[in-house]
Amino acid sequence: MKNKFWKSILEDKRFKLKDGYPEFNIGTIAIICLCIILLIVATFTRFNLLVFNLFSPYDAYRGENTTFVSYFSYIPQAPAVFFIAALLGPIGGMLAVFLYIMAGILGVPVFSSGGGILYFLKPGMGYLLGFFPAVFFVSNILKNKNIKYRLLKASLSGVICVHLIGMIYLTILMFFQGEQLFLILSWLWLLTGMQFLYDFVFGIFAIIFARILRKILAIVTD
């Protein structure tokens, strides 16, 4: 029974889904709008999580003693993006991300530190741009039935996309701004070092939840 349940979640054979994802129509547009709201809510949702660290450039830069166990404020943006990718697929997912980022660039304060065109000069902008390839890879890996352990690989690929692009963007930006190496390392640790593992784990659960909701979504958008 359990195997049949998880197989039905992964394949959705009982519903008419184009390429394994809902067809693009008025119902899908409504879901995209709800996904944008979800992404905004995730952006401003913070909760403290445990992190184990032998060395923290962030603490060192602030002149604080490094502790083996500490807490950090986690923002579940990446799992929300993976959820959207698994729910809507590459087209609908990237459209939702595009509208969210465009709203922020146009000045709507939907980013964690506000909005506006000058947000491209913020260290975290690269992580937002990483949402696009993350949606593409997560949705396409989930669509491919020949890939083993699709949930794990989809979440891992999404996390790598978000954080790799984010780290490269941050490093180049702060380097040309003439920032010190310790400050660059502290930002990398703050935005990637303490979030990477949690993004991967929570991303898996977000994908599973999205695959379950797709059964309802297929009926709504039919």
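Without hydrogens or angle criteria, T171 side chain to I168 main chain gives no donor-acceptor distance under 3.5 Å. Under the 3.5 Å distance criterion, the side-chain polar atoms of R150 are matched with a main-chain donor or acceptor of L142. The backbone N or O of F136 lies less than 3.5 Å from a partner atom in the side chain of S139, making a donor-acceptor pair. Side-chain N or O atoms of Y127 include none that pairs as donor or acceptor with a backbone N or O of L170 at under 3.5 Å. Judged by distance alone, the side chain of S155 and the main-chain N or O of L151 form no donor-acceptor pair under 3.5 Å.
Summarising the geometry of S73 relative to R46, their closest heavy-atom pair is OG-CB, 3.3 Å, with the distance given to 0.1 Å. Considering every non-hydrogen atom in both K122 and L173, the closest pair reads O-CD2, 3.5 Å. When all heavy atoms of A42 and A80 are compared, the closest pair comes out as CB-CB, 3.8 Å. A96 approaches I84 most closely through the heavy-atom pair CB-CG2, 4.1 Å. In terms of heavy atoms, V135 sits closest to V97 at CG2-CG2, 3.8 Å.
I172 contributes atom CD1, which lies 12.0 Å from atom CD of Q177 (distance to the nearest 0.5 angstrom). To the nearest 0.5 Å, the span separating CG on D199 from CG on L156 amounts to 11.5 Å. Separation of atoms OG (S186) and CD (E179) is listed at 9.0 Å; rounding is to 0.5 Å. Considering CD1 of I40 and CD of Q77, their distance stands at 10.5 Å, rounded to 0.5 Å. For the atom pair C35 SG and L88 CG, the distance stands at 4.5 Å (nearest 0.5 Å). Taken to the nearest 0.5 Å, the CG atom of L188 stands 11.5 Å off from the NE2 atom of H163.
Enclosure of atom NZ in K153 by more than 12 non-hydrogen atoms of other residues, nucleotides or ligands within 6.0 angstrom is indicated. Enclosure of atom CZ in F196 by more than 12 non-hydrogen atoms of other residues, nucleotides or ligands within 6.0 angstrom is indicated. Remark: F44 CZ is packed, more than 12 non-hydrogen atoms of other residues, nucleotides or ligands lying under 6.0 Å away. Other residues, nucleotides and ligands contribute over 12 non-hydrogen atoms within 6.0 Å of the CZ atom of F47.
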Inset, instruction - Might you work through the side-chain contact (heavy atoms from CB on, under 4.5 Å) test for Y119 and S112, ending with a clear yes or no? - result: CA-CA 10 Å; Y119 211 87; S112 60; 3.5 Å; yes

Inset, instruction - Begin with the C-alpha distance, continue with both residues' side-chain angles, and end with the deciding distance and a verdict on side-chain contact (heavy atoms from CB on, under 4.5 Å) for I207 and V138. - result: CA-CA 9 Å; I207 291 172; V138 169; 4.1 Å; yes

Inset, instruction - Begin from the C-alpha positions of I204 and F82 and carry the test side-chain contact (heavy atoms from CB on, under 4.5 Å) through to its verdict. - result: CA-CA 8 Å; I204 295 174; F82 302 165; over 6 Å; no

Inset, instruction - Just do the side-chain contact (heavy atoms from CB on, under 4.5 Å) check on K143 and N140 with the steps written out, would you? - result: CA-CA 5 Å; K143 183 175 66 176; N140 280 286; 3.3 Å; yes

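Between V110 and M102 the shortest side-chain heavy-atom distance does not fall below 4.5 Å. Taking 4.5 Å as the limit, some side-chain heavy atom of L152 sits within range of a side-chain heavy atom of F200. In this structure, the side chains of F137 and I160 stay at 4.5 Å or more apart for every pair of heavy atoms. For the pair F120 and I105, the minimum side-chain heavy-atom distance is below 4.5 Å.
None of L49, I75, V159 except one satisfies the side chain to side chain contact (heavy atoms under 4.5 Å, CB included) rule with Y198; the exception is L49.
Taking the six-membered ring wherever Trp is involved, the centroid distance between the rings of Y100 and F111 falls below 6.0 Å.
No path of Ile, Leu, Val, Met, Phe, Trp and Tyr side chains, each step under 4.5 Å between heavy atoms, connects I165 with W187, placing them in separate hydrophobic clusters.
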